[in-house]
Amino acid sequence: MELLLRRAWLVDGSGDPGRAAEVAVTGDRISAVAEPGTLTPGPDTTVVDLDGLTLAPGFIDIHTHYDAQILWDGDLTPSSWHGVSTVVMGNCGFGVAPTRPPHREIIVRTLENVEGMSMEALDAGIDWCFETFPQYLDALEQRRKRLNLAAFLGHTPLRLFVLGGEERAATPEELDTMRELVREAVGAGAVGLSTSRQPAHQGAFGRPVPSRFAEVDEVDALAAELGAAGKGILQVSIGPGMFVDQFSELSVRHGIPVTWTALVARADKPGAAMRTVARGGALPGEVYPQIACRPIVMQVTLADPAPLGEIDEWKEVLARPREERAELYRDPQWRDRARPATLQAWAHRWPKVAVEETVADPEAVGIPLDRLASERGTTAFDLMLDTALADEMGTRFRVVLDNDGDEEIGDLLADKRTILGLSDAGAHASQLCDACYSTHLLGHWVRERKAIGIEDAVWRLTGQPAHAFRIRERGLVRAGYFADLVAFDPATIGTTPIERVHDQPGGADRLVVRSTGVTHMWVNGTATRLDGADVDETSAGRLLRS
């Protein structure tokens, strides 16, 4: 053995009760899991005394958007600070491959509008050394990686590659080409196919993202390729024609797992999420609704109003270049059209929207926008626009978008028919940071709220996603499995306050959250974090091909 971890409290990812144990690692694999004091180190063995720390498998984040960031940030921060050893990218039908040179701007603008990524960072950080999906995977193979990566083939770049951006159903010949490209991608190592029918997904120039123009039969035909290959998972962002009944049918017909986003708990609709779980759970097939363990809270500027993109009048905003959006906000005619739709669509949100940062109206900070508007004799819609315009679009609004049903989140976490995801790590970088969901789960929901036990929480972060996504020989602390391990202090694990940094290509900013209590990490047997500090420039991670 090369590494011996002694005096661990082992929570092995299976859901079984924790126990005292010691773990040996040889090369990139766990070579033994034994009772305390029974393993004998050799003369060259590194012995680490965990002194009672909880030892678990490295966490697996199934819902990230690191497809672009990995091209400039091999450390994949902030996920790597939170015990995460494997990330799955390319969710919601988005990604950067396959992409032909003429479509690169559309891909960048799609990621800007839908996933809140900085166009400056994308332009400066993507080197476009690939066109096809297999070429993209080969590029990732060659990159330095702190963590393990798996990637979906996204339906939006796939459609753009084949249809050239035409907003229509595919012809039989085009569908055959897409099916061939799905086979090629899965053969090269794609973890599956992702797609979106989400009405809020307005892409480049304010247009619906390409996957939204696909007929349901097209999704079915592409999913059939996963079934024929005998590997791959289908991930769907819900929308017209695609909900729990269709997910069950797809899973049964093609013999594939299906996961969908997003199942959220809303304070104004108590019990609705649990009713959806019960409805889906009564159907056949292997279907995993994805839940989040944090309220979805964004810091939004009206220069990038992506959360409002579900409203028709705001699609006009997203269709304009960023520097021209203020002009529309000043237009009385646009305001008269947009006001009633916006006030109605966000009726449940206005009490949870407030100014977060502004130089134009400091007294407004922290006050719910609907209350402040009432005091000032205006509407929340007009107050939001006027504050942003007075601040030259610099005002940041704190918006509780979803998943604010606190008690029901606990119920969803306790129900094993759901799967934990939705971190969106790598996306919405200047607007939110939920890449810390794993440490939040263990600190808030396990230690403070006691909504679930630590064994179930670790299973949710490790064994369950490894099974659902068919990530072989990871997610458990077992002899023969890859040595992805995290040692943490359950008494202190948690998150630090959110902070804004300017460390992206082109000087773009983002929000980050750091961890507490994450003491050590090993990825494929290599130390990536020791005594609470990251090991510099490690390349321990691997591309996980299906």
Side-chain angles (χ1 to χ4, degrees), residues 112-114 116 118 198-202 205-207 264-270 295-406 428 430-432 498 500 509 511:
E112 177 193 34
N113 272 357
V114 180
S118 161
Q198 174 54 249
H201 283 168
Q202 296 295 126
F205 312 109
R207 299 299 302 158
V264 293
R266 284 176 50 172
D268 63 327
K269 294 184 177 180
I296 300 172
V297 180
M298 280 191 174
Q299 294 186 24
V300 178
T301 74
L302 293 195
D304 294 299
L308 287 151
E310 62 189 316
I311 304 167
D312 285 343
E313 289 75 14
W314 286 86
K315 295 171 186 174
E316 300 173 41
V317 178
L318 293 172
R320 293 195 173 202
R322 190 185 305 168
E323 60 274 11
E324 295 179 12
R325 291 170 179 173
E327 179 183 343
L328 198 58
Y329 298 150
R330 293 189 183 96
D331 181 352
Q333 292 183 340
W334 178 82
R335 282 199 181 201
D336 288 343
R337 285 190 292 111
R339 184 181 295 109
T342 308
L343 290 173
Q344 181 179 357
W346 275 34
H348 66 291
R349 287 188 177 136
W350 293 119
K352 297 185 179 183
V353 178
V355 174
E356 179 87 1
E357 300 173 25
T358 186
V359 297
D361 191 1
E363 294 181 359
V365 173
I367 303 173
L369 224 55
D370 62 341
R371 192 177 89 201
L372 191 61
S374 178
E375 293 172 358
R376 295 183 179 184
T378 184
T379 70
F381 167 81
D382 291 285
L383 179 59
M384 182 170 64
L385 293 177
D386 291 338
T387 305
L389 289 169
D391 200 9
E392 297 182 347
M393 308 296 281
T395 298
R396 297 185 185 277
F397 299 92
R398 183 182 187 273
V399 182
V400 180
L401 276 176
D402 243 322
N403 213 47
D404 56 349
D406 190 64
H428 309 292
S430 69
Q431 300 166 334
L432 59 74
I498 198 165
R500 189 173 296 278
D509 68 297
L511 295 172

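By convention here, the first residue in the shown sequence is residue 1.
- Contact annotation: the side chain of Leu432 never approaches that of Val297 to less than 4.5 Å [non-hydrogen atoms, C-beta and beyond].
- Formation of a donor-acceptor pair under 3.5 Å by the Tyr329 side chain with backbone atoms of Leu302 is found in this model.
- Here the shortest heavy-atom pairing between Ala354 and Gly366 reads CB-C, 3.9 Å.
- Side-chain contact between Leu372 and Arg376 is present, with at least one heavy-atom pair separated by less than 4.5 Å.
- With hydrogens and angles disregarded, no donor-acceptor distance shorter than 3.5 Å links the side chain of Asp402 to the backbone of Val264.
- The closest donor-acceptor contact from the side chain of Asp331 to the backbone of Gln333 lies under 3.5 Å.
- Distance CE/Met298 to NE2/His428: 4.0 Å, rounded to 0.5 Å.
- Residues meeting the side-chain contact (heavy atoms from CB on, under 4.5 Å) test with Glu327, sequence neighbours left out: Arg320.
- Remark: Asp391 CG to Thr301 OG1 distance equals 10.5 Å, nearest 0.5 Å.
- Here the straight-line distance linking atom CD of Glu363 with atom OG1 of Thr358 works out to 11.5 Å at 0.5 Å rounding.
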Can you give each donor-acceptor pair under 3.5 Å made by side-chain atoms of residues 339-352, sequence neighbours left out, with the distance rounded to 0.1 Å?
unit_1, atom_1, unit_2, atom_2, d
Arg339, NE, Asp382, OD2, 2.7
Arg339, NH1, Asp336, OD1, 3.0
Arg339, NH2, Asp382, OD1, 3.0
Thr342, OG1, Trp314, NE1, 2.9
Thr342, OG1, Ala338, O, 2.7
Arg349, NE, Leu401, O, 2.9
Arg349, NH1, Glu310, OE2, 3.2
Arg349, NH2, Leu401, O, 3.0
Trp350, NE1, Leu343, O, 3.4
Trp350, NE1, Trp346, O, 3.4
Lys352, NZ, Asp404, OD2, 2.7

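- How far CG of Asp361 is from OG1 of Thr387: 5.5 Å, rounded to the nearest 0.5 Å.
- The side-chain heavy atoms of Leu318 and Pro305, taken from C-beta on, include a pair separated by under 4.5 Å.
- No hydrogens or angles considered: nothing links the side chains of Asp509 and Ser430 as a donor-acceptor pair under 3.5 Å.
- Between the Arg325 side chain and the Val317 main chain, a donor and an acceptor come within less than 3.5 Å of each other.
- A salt bridge links Glu316 to Arg337: at least one charged side-chain nitrogen sits closer than 4.0 Å to a carboxylate oxygen.
- By the neighbour-count criterion of 12 heavy atoms within 6.0 Å, atom CD of Glu323 is densely surrounded, having more than that number from other residues, nucleotides or ligands.
- One side chain, Gln299 or Arg500, offers a donor N or O that lies under 3.5 Å from an acceptor on the other.
- Not counting sequence neighbours, the partners of His201 by the ring-ring contact (aromatic ring centres under 6.0 Å, His included) test are Phe94.
- Counting only residues at least two apart or in different chains, side-chain hydrogen bond (donor to acceptor under 3.5 Å, both in side chains) contacts with residues 364-375 are absent.
- Counting heavy atoms from C-beta outward, Leu369 and Met384 have side chains that approach closer than 4.5 Å.
- Contact of the Val355 side chain with the Ile367 side chain is not registered, since no non-hydrogen atoms from C-beta on lie closer than 4.5 Å.
- Interatomic distance, NZ of Lys315 versus CG of Leu308, reported as 12.0 Å (0.5 Å rounding).
- Within the model, atoms CG of Leu383 and OG1 of Thr378 stand 6.5 Å from one another, a figure rounded to the nearest 0.5 Å.
- Here the side chains of Arg335 and Phe381 are in contact, with some heavy-atom distance below 4.5 Å.
- With sequence neighbours left out, Arg330 forms a side chain to side chain donor-acceptor pair (under 3.5 Å) with no residue at all.
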Notebook entry, point to check: So Arg322 and Glu112, salt bridge (Lys or Arg N to Asp or Glu O under 4.0 Å) or not? Walk me through it.
Noted result: CA-CA 11 Å; Arg322 190 185 305 168; Glu112 177 193 34; 2.7 Å; yes
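- Taking the salt bridge (charged side-chain N to carboxylate O under 4.0 Å, His left out) definition, one finds that Glu356 meets it with nothing, sequence neighbours left out.
- Glu392 places no side-chain N or O within donor-acceptor distance of the main-chain N or O of Gly394, the cut-off being under 3.5 Å.
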